[in-house]
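Here's the structure we're looking at; comments come further down.
Remember, predicted model here, so these are calculated numbers, not experimental data. Reminder, nothing fancy here: chain letters follow the sequence lines and each chain counts from 1.
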Amino acid sequence: MLDIKLIRNDPEAVKAAVARRGEDTSSIDEIVELDARVRAHMTAVDQIREESNRVSKEIGELYRNGETEKAEALKAGTEGQKENERQHADALAHLQATIRELLLNVSNMPSPEAPDGLTEDDNVVVRVEGYDPDAIADHQRVPHWEIGEQLGILDVDRAVRMSGSMFAMYRGHGAHLLRALISYGLDRNRDAFEEIRPPTVVKTDTMIGTGHLPKFADDAYHLERDDLWAIPTAEVPLTSMVAGEILDQADLPMRLMAHTTCYRREAGSAGRDTRGLLRVHEFDKVELYSFCTPEQAQAMHMEILERAENAIRDLGLAHRVLDLACGDISGAGTRTYDIEVFAPGADRWLEVSSVSWCTDYQARRANIRYRPEGEKGTRFVHSLNGSGLAVPRVWAGIVETYRQPDGSIRMPDVLLPYLGGLTEIPAPV
RNA sequence: GGAGACGUGGCCGAGCCAGGUUGAAGGCGCUUCCCUGCUAAGGAAGUAACGUCGUAAGGCGUUCGUGGGUUCAAAUCCCACCGUCUCCGCCA
């Protein structure tokens with residue numbers, strides 16, 4: 001969430017920034033107004049408590065000295081104070097809860113450098129690599145859901161029978177390829193990132209920490225009986241890993257990576273891009289993540305983007321990098337780069353990574369701070385995340401891109417160490 | 001799931017049964033200074049976070065797992081929840 005002090009001191013600037021997303025900013029005015037009332041009640045409560053603390057201490061002293069009568073007299077004088085305090089305290093608590101609720105629903109301020117615009121059409125293409133529409137051969141123009149069926153490596157129909165639409169099942173070499181991609185995604189970042197395998201089902205507080213709740217409750221799977229949520233991305237448990245902690249500056253930047261399954265209801269996108277693996281409710285992903293100081297954040301953003309892009313480049317996939325327009329940046333982000341792979345069979349760009357710099361927006365929610373060296377007090381860390389490898393769409397890109405004239409699929413060189421001798425998925429006989 | 005024990009500051013650990021100068025003894029760690037050829041040892045002082053008021057110095061408030069309650073007063077008493085540990089049961 002945003003810093004209430006920042007909103008208090010310069011509401012117009014905050015509104016202007018948030019408005020670039022196309023978001024309604026009227027709640028910010030409301031917050032400012034409620035905040036003033038909060039502080040009035042706060043002062044009142046503090047004064048009442050100060051007085052009551054003082055009197056209590058005095059009573060204690062009187063009892064100790066055996067001056068029971070005086071003590072009783074003082075006690076009698078405290079009547080009514082309690083009710084008075086309670087009224088202010090209740091009003092205060094109520095206002096604070098309201099403010100928090102409002103605050104949780106205000107998105108992060110986009111970076112001044114983020115491109116203007118409200119939709120994905122306004123995203124700026126930073127670079128395109130390996131994309132040549134004229135060089136795409138006919139045998140590559142087969143969508144992966146057809147290839148998957150032909151080769152017996154992807155079985156959507158049976159997955160749908162078990163779990164409903166937008167679920168997939170990988171089989172045989174297809175499942176093996178999936179596993180290879182996960183290992184590949186992790187291993188190539190092992191030089192700097194600590195591998196984590198977190199829980200994939202988490203408490204409500206954990207989801208709030210990253211900004212996925214309350215705003216996007218409809219997009220997440222909820223296990224009502226135990227009040228647990230299936231994570232939409234490893235970003236959720238990774239952020240919460242150090243929730244409430246004060247980190248040593250020496251430990252920053254902290255680099256973490258995790259392979260997890262991710263669950264998304266995709267509530268707003270029913271019927272869109274539903275063929276094959278374009279959009280599924282359950283998928284595997286390797287996530288790259290970092291906590292760092294504000295000073296380190298910009299460089300870390302570039303590092304994660306570079307690592308994610310290199311993984312795609314080394315797989316030999318045509319791709320492009322987008323600088324997202326304000327309106328397309330997810331709630332917690334201040335700036336986001338997307339990586340899209342071109343899938344020649346499906347004939348479209350598929351988002352395979354979203355690399356976001358969240359400033360202290362998530363850290364504030366999850367209360368993650370660090371002690372700056374040579375400075376008093378604490379500061380909130382910055383958090384950054386990016387998909388190191390989103391498996392299904394990369395899988396789709398590979399299967400379509402590497403399809404040979406005979407219908408077999410050659411395996412990218414960089415995956416060979418993970419495929420136990422498999423160099424191609426053979427064509428059906 | 002059953003029975004019991006327990007959750008205190010960066011860490012360890014008193015205090016809780018008998019509520020009152022306890023924001024919390026003592027120790028470790030850390031910081032600064034002294035001593036010192038170097039290191040070790042030793043001596044002195046300091047060492048939580050958050051909120052709020054204040055230009056500041058500083059004042060006040062909150063926090064002893066979390067949330068309620070009792071009381072003039074709660075780390076201490078009561079209730080609920082969360083978590084940890086031990087034993088039993090079950091189990092990949």
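- With RNA chain B read from its 5' end, the first of the two nearest nucleotides for A:Val45 and A:Ile4 is the one closest to A:Ile4.
- Contact annotation: A:Asn53 side-chain N/O to B:C72 OP1/OP2 distance is not under 4.0 Å.
- Between A:Lys5 and B:G51, a side-chain N or O to OP1/OP2 separation shorter than 4.0 Å is present.
- Between the CD atom of A:Glu85 and the P atom of B:G61 there is a distance of 12 Å, given to the nearest Å.
- Of the side-chain N and O atoms in A:Ser52, none sit less than 4.0 angstrom from OP1 or OP2 of B:A73.
- Rounded to an integer number of Å, the gap from CD1 of A:Ile246 to P of B:C11 is 10 Å.
- Listed pair A:Arg39 / B:C53 meets the phosphate criterion, a side-chain N or O lying under 4.0 Å from OP1 or OP2.
- Between A:Arg86 and B:G69 there is a side-chain N or O to OP1 or OP2 distance below 4.0 Å.
- Under the Watson-Crick and G-U wobble criteria, each requiring two contacts below 3.5 Å, nucleotide B:U21 is left unpaired.
- Nucleotides B:G29 and B:C81 have their C1' atoms positioned 34 Å apart, rounded to a whole Å.
- Proximity of A:Arg8 to the phosphate of B:U52: a side-chain N or O atom is located under 4.0 Å from OP1 or OP2.
- In the model, A:Glu72 has a side-chain atom that pairs as donor or acceptor with a side-chain atom of A:Tyr63 under 3.5 Å.
- For B:C50, the OP1/OP2 oxygens have a side-chain nitrogen or oxygen of A:Arg369 closer than 4.0 Å.
- A straight line from CG of A:Leu95 to C1' of B:U52 spans 16 Å, rounded to a whole angstrom.
- Across every strand in view, B:C50 sits in a pair with B:G61 that passes the Watson-Crick or G-U test at under 3.5 angstrom.
- For B:A14, there is no paired base (Watson-Crick or G-U wobble, both distances below 3.5 Å).
- Using P as the reference atom, B:G51 and B:G46 are 26 Å apart when rounded to the nearest Å.
- Comparing the C1' positions of B:G69 and B:C85 gives a spacing of 29 Å, expressed to the nearest Å.
- B:C28 and B:U21 have their C1' atoms separated by 28 Å, with the value rounded to a whole Å.
- The main-chain N or O of A:Ile329 is never found under 3.5 Å from a side-chain atom of A:Thr336 such that the two would form a donor-acceptor pair.
- Here the side chain of A:Arg20 pairs a donor or acceptor atom with the backbone of A:Ser111 at under 3.5 angstrom.
- Both A:Lys203 and A:Gly60 lie near RNA chain B, and the one whose nearest nucleotide falls closer to the 5' end is A:Gly60.
- B:G7 and B:C64 have their P atoms separated by 14 Å, given to the nearest Å.
- Note on ring orientation: taking the six-membered ring where Trp is involved, the planes of A:Phe167 and A:His281 are tilted (angle from 30° to 60°).
- Remark: the separation of the C1' atoms in B:U36 and B:G43 is 13 Å, to the nearest Å.
- If you look at A:Tyr337 and A:His301, their ring centroids are closer than 6.0 Å.
- Every side-chain contact (heavy atoms from CB on, under 4.5 Å) that A:His176 has, sequence neighbours left out, goes to A:Arg179, A:Leu419.
- With a cut-off of 3.5 Å on both pairing distances, the Watson-Crick or G-U wobble partner of B:C87 is B:G2.
- Summarising the base pairing, B:U55 is matched to no nucleotide, lacking a Watson-Crick or G-U wobble pair whose two defining distances lie under 3.5 Å.
- Heavy atoms of A:Arg364 sit nowhere under 4.0 angstrom from any nucleic acid atom.
- With both ends at atom C1', the span from B:G37 to B:A45 equals 27 Å, rounded to whole Å.
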